[in-house]
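A, B, ... follow the sequence lines: proteins, then strands. Residue 1 opens every chain. None of these values were measured; they are calculated from a predicted model.
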Amino acid sequence: MNKWLTVEKLSKNFGGVKALDEFSCHFEQGEVVGLIGPNGAGKTTFFNVLGGMLEADSGSAQLNKKKLTSIPAHRIANMGIARTFQKLRLIRQVSVLENVMLSFRNQSGENLVSLVIRWSKVRTQESENYDKALTILKRVGLQEKAGDLADTLSYGQQKLLTLACCIASDADLLLLDEPLAGVSPSMIEIVLEKLRELKNEGKTIVVIEHNLEAIMDDFDRVIFMDSGRKICEGKPDEIRNDPRVIEAYLK
Amino acid sequence: MEQLFLNGILVGLLISLISLSVYPVICLVRFFHFAHAVVIAAGAYFSFLLSRCFGWPMGIAIPLAILLSAGLGCLMEVAVYKPLRKREAKPIVFILASLGLYTVLQNVISLVFGDDTKSIRTGPVREGLNFLGARITPIQIITIVTAIVVVVGLLLFMKYTRLGKAMRTVANDANLARVVGIDSDRVIMWAFAIGSGLAGLAGILMALDTDMTPTMGMRPFMMGIVAMIIGGKDSIIGIVLGALLLAFAQQYGAYYLGSEWQDAIAFAILLIFLLFRPQGFLGKKV
Amino acid sequence: MDYLIHILILIGIYVMLSSSLNLVAGYTGMLSIAHAAFYGVGAYTVALMSLNLHTPFLVNLVCAIIICGIFGAVVGIPSLRIKDDYFIIAAFAFQIIAFSVMNNWVSFTKGPMGLPGIPQPNLFGWKISSYPDFLLLTVIMCVVCLLICWRITHSPYGRVLQAIREDETFALSLGKNVAGYKISVFVLGAMLTALPGALYTTYISYIDPSSFTVDESIFIISIMIIGGAGRLWGPVLGAVVLVMLPELLRFVGMPNSIAANMRQIFYGGALVVCMLWRPQGLVGKADVLRK
């Protein structure tokens with residue numbers, strides 16, 4: 001089978017604490033994978049290392065046979081990886097629409113030189129992006145908030161906005177860190193619906209989530225990790241009944 | 001050449017003294033405490049006020065001036081930095097406030113004492129003593145001895161006293177410090193007191209050697225900060241070595257290239273370290 | 001009348017200085033204490049070229065812009081690549097050292113004696129010599145400078161700058177080359193200071209290093225903060241208020257020697273007060289400086 005994203009023996013230490021301990025896994029294109037485990041298991045560290053926010057001590061990750069480790073975070077993002085953060089990150093003092101527009105990749109208007117010498121191209125691209133951003137906001141149901149400051153949105157709406165940013169980035173791989181945490185039950189349904197849509201479009205999605213009741217059946221595969229290691233993986237039903245998982249959660 | 005070497009030692013130790021005076025503060029508050037530069041000048045002017053205007057003997061005036069400098073540092077902490085910290089302001093806000101404090105205090109000194117050069121030296125400039133082929137004045141000997149005492153004292157203080165250990169804990173991890181019951185506000189206050197007192201002392205030593213102006217603190221403060229970067233931010237020995245490296249490069253550079261370039265050499269050294277070894281030569285790699 | 005025009009020209013110079021700083025500090029969130037040093041580099045380049053090489057004003061201006069940009073890169077590239085906040089220290093060191101070189105390199109800059117007799121500019125046959133001439137030149141330069149700032153801040157590039165100010169990690173995760181943006185905007189800000197530098201040099205026709213000190217840098221920062229950082233019109237308002245203020249003090253009858261210090265105490269104090277109670281300045285965005 002075509003292994004699209006492979007991670008091999010990734011390790012990361014924080015002052016003696018092994019956040020990642022030779023963690024290996026792989027992902028196929030188009031699957032939705034749940035990454036679960038107790039707090040401090042190293043799930044968010046894994047995202048940070050994969051996204052280039054942290055440098056791994058050892059090990060490697062490859063996307064489509066291209067090396068991901070030890071290249072700058074912004075270049076990793078431009079290779080088609082988008083992520084959300086557990087502690088919501090948004091640019092709060094600009095409008096909802098601008099947050100989405102910020103997320104488009106390869107904008108010629110973001111380059112100082114082309115800003116000066118290719119002004120008309122920048123203008124057309126900017127107005128195209130404006131329309132695209134509105135479409136995306138409509139898709140997540142935030143079109144009426146487009147002009148508001150991102151800060152004024154409710155928590156659930158902010159989560160939807162980060163999802164909109166991921167959509168705008170047109171990334172193939174989405175790393176979502178607790179997309180459901182702190183979201184009201186009615187909003188959870190909306191978020192899950194958007195996830196299913198994205199899956200149908202062929203995106204690969206890796207989700208860290210604690211609210212397993214809500215999301216478990218949407219996973220194609222689940223990886224259970226603890227103390228920086230992969231304990232087991234399999235179909236959601238297998239994981240539900242795995243004694244090691246039950247033990248870890250009861251402990 | 002002996003003179004050049006001696007000057008290198010002297011300037012290097014003076015830079016170390018200033019660098020170490022700002023070290024406890026920067027380690028703990030983690031922002032660029034710009035107003036520290038004016039505390040250096042304030043120390044000199046306090047001693048001028050006490051010894052010249054009030055006519056008190058140096059033995060009383062100098063210790064009191066050091067205490068007043070320490071008080072000035074604490075005042076800034078209480079009146080400005082602490083409220084900002086309570087509000088969890090961004091680092092840029094601290095720096096801006098610090099720039100404002102610097103401007104206000106420096107101009108208060110100008111307003112009260114005037115912009116002209118003032119002196120606390122008594123009697124005519126004495127001929128230097130001959131020391132291994134170089135000339136050295138008694139004040140310079142005192143400066144060297146004081147700086148060495150401060151370096152050793154600070155090393156022992158940080159290592160063995162309870163307050164020193166508490167400072168290191170707060171500097172490393174403020175949350176951990178709270179967990180083990182260290183009152184970080186009190187520790188930071190002490191850091192301001194010690195750091196500002198040492199800055200005042202450095203200012204007095206400089207004034208005894210070369211007189212004073214309201215802006216005298218700025219250039220040595222900058223040198224002290226550069227020494228701290230090239231020495232590595234978390235090691236006292238590193239800072240002293242950084243200061244010495246800086247001073248020797250400046251002295252010899254001025255000798256061979258001309259004195260107008262001695263500050264530019266300091267800048268070149270800073271850039272080289274930022275490019276190739278940003279953690280400083282004794283600093284740990286992050 | 002000439003007095004009024006003189007004040008307006010000074011305001012124009014500070015509008016340009018603080019607007020260019022606003023790009024770096026107000027929009028991107030990097031506080032530079034070296035702005036007066038770049039201003040001085042621009043001013044000295046124009047002065048030395050016109051005195052020694054007798055080149056026309058426009059050539060001098062272009063060279064000043066390029067040289068300011070090069071110095072901006074020299075300061076910015078080593079210090080902005082690193083995650084830790086060494087930038088402010090590198091900028092501060094550059095400020096002190098640029099002043100020291102201007103002051104001590106006597107054979108070239110004449111040191112504290114300064115450079116007198118700098119010729120007045122000549123633009124395409126337009127000899128700029130009277131007060132109204134200079135006012136017109138100031139207005140043209142200000143409009144150009146503000147247009148550049150406006151275009152930068154209202155572009156996708158400017159959007160990224162604000163994103164960096166608010167959340168660097170988020171900007172990185174969106175694939176923005178944060179270090180590259182920081183360096184480029186810092187170099188751009190340095191280049192823009194060549195405009196007021198060239199104007200000041202030719203207008204006063206005499207420069208010495210005392211116009212380019214740390215205090216001057218702090219003054220420019222104060223204008224930006226008190227007016228309102230992160231807003232296009234903030235620095236304009238700040239420049240009007242802070243440049244007019246000492247003139248008002250003079251009307252009140254305060255002697256010049258005290259007025260200079262009082263002015264600085266006022267804006268230094270205003271900076272502290274702003275930080276404690278009104279970080280957004282007069283017209284700034286409420287939360288540019290807040291967490």
Side-chain angles (χ1 to χ4, degrees), chain A residues 47-48 50-55 72-85 87-95 97-116 119 122-123 125-126 129-130 149-151 162 165-166 168-171 175 177, chain C residues 23 26-29 69 72-73 81-83 144 147-189 191-192 229-231 279-280 284-291:
Chain A
F47 274 14
N48 282 335
L50 207 58
M53 307 285 163
L54 287 173
E55 208 176 319
H74 65 94
R75 280 185 39 208
I76 294 182
N78 284 331
M79 286 166 74
I81 299 182
R83 68 171 294 193
T84 67
F85 294 84
K87 190 176 153 259
L88 270 183
R89 286 183 187 273
L90 284 171
I91 308 302
R92 295 172 184 281
Q93 296 309 319
V94 302
S95 70
L97 186 76
E98 280 179 291
N99 268 284
V100 179
M101 292 184 73
L102 198 59
S103 309
F104 292 116
R105 301 289 148 89
N106 301 321
Q107 301 185 44
S108 58
E110 289 182 350
N111 181 314
L112 205 46
V113 178
S114 62
L115 192 61
V116 179
W119 182 236
V122 170
R123 275 247 295 265
Q125 197 185 35
E126 182 75 352
N129 282 347
Y130 181 85
L149 287 186
D151 206 26
T162 60
C165 290
C166 285
S169 74
D170 201 28
L175 307 173
D177 201 341
Chain C
L23 283 181
Y27 283 94
T28 325
R81 284 181 324 133
I82 310 166
K83 266 192 193 156
V144 169
L147 267 179
I148 293 174
C149 291
W150 180 82
R151 190 145 150 178
I152 296 281
T153 52
H154 288 76
S155 71
Y157 179 83
R159 202 159 54 211
V160 179
L161 295 186
Q162 295 186 53
I164 290 171
R165 179 190 69 207
E166 302 254 332
D167 193 334
E168 270 184 43
T169 312
F170 184 58
L172 269 179
S173 80
L174 296 177
K176 315 298 179 204
N177 179 359
V178 170
Y181 281 98
K182 284 180 168 181
I183 290 168
S184 61
V185 77
F186 181 64
V187 169
L188 183 78
M191 288 165 93
L192 282 178
R231 278 285 163 91
Q280 71 270 38
K285 275 194 184 178
D287 287 336
V288 165
L289 294 168
R290 280 227 173 114
K291 202 164 186 179

Item to check | Residue pair C/L172, A/M53: steps toward the side chain to side chain contact (heavy atoms under 4.5 Å, CB included) verdict | outcome: CA-CA 8 Å; C/L172 269 179; A/M53 307 285 163; 4.2 Å; yes
Side chain, backbone, both or neither: which part of [X] has an atom under 4.5 Å from a heavy atom of chain C?
X      : answer
A/M101 : both
A/S169 : neither
A/N129 : neither

Checklist entry - For the side chain of A/N78 and the backbone of C/G175, is there at least one donor-acceptor N/O pair under 3.5 Å apart? => result yes
Checklist entry - Has the side chain of C/K176 got a donor or acceptor atom that lies under 3.5 Å from a matching backbone atom of A/L102? => result yes
[atom2] on [Y] to [atom1] on [X], rounded to 0.5 Å:
X      : Y      : atom1 : atom2 : value
A/R123 : C/S155 : CZ    : OG    : 12.5 Å
A/R83  : C/T169 : CZ    : OG1   : 9.0 Å
C/L174 : A/E110 : CG    : CD    : 9.0 Å
A/N111 : C/N177 : CG    : CG    : 10.5 Å
A/T84  : C/F170 : OG1   : CZ    : 9.5 Å

Next on the checklist: Does anything in residues 149-164 of chain C form a salt bridge (charged side-chain N to carboxylate O under 4.0 Å, His left out)? List the pairs, not counting sequence neighbours.
Outcome noted: A/E126-C/R159
Checklist entry - Salt-bridged, A/R92 to C/E166, with N to O below 4.0 Å? => result no
Checklist entry - With a 4.5 Å heavy-atom cut-off, do C/I152 and A/L112 have their side chains touching? => result yes
Checklist entry - Can you tell which of C/A171, C/G158, C/S173 has the highest number of heavy-atom pairs within less than 4.5 Å of chain A? => result C/S173
Next on the checklist: Looking at A/W119, I want to see if its CH2 is surrounded by more than 12 non-hydrogen atoms of other residues, nucleotides or ligands under 6.0 Å.
Outcome noted: yes
Checklist entry - Excluding sequence neighbours, so at least two apart, what forms ring-ring contact (aromatic ring centres under 6.0 Å, His included) with A/F47? => result none
Checklist entry - Taking every heavy-atom pair that is under 4.5 Å apart, which of A/G51, A/S108, A/G109, A/A77 has the most such pairs with chain C? => result A/G109
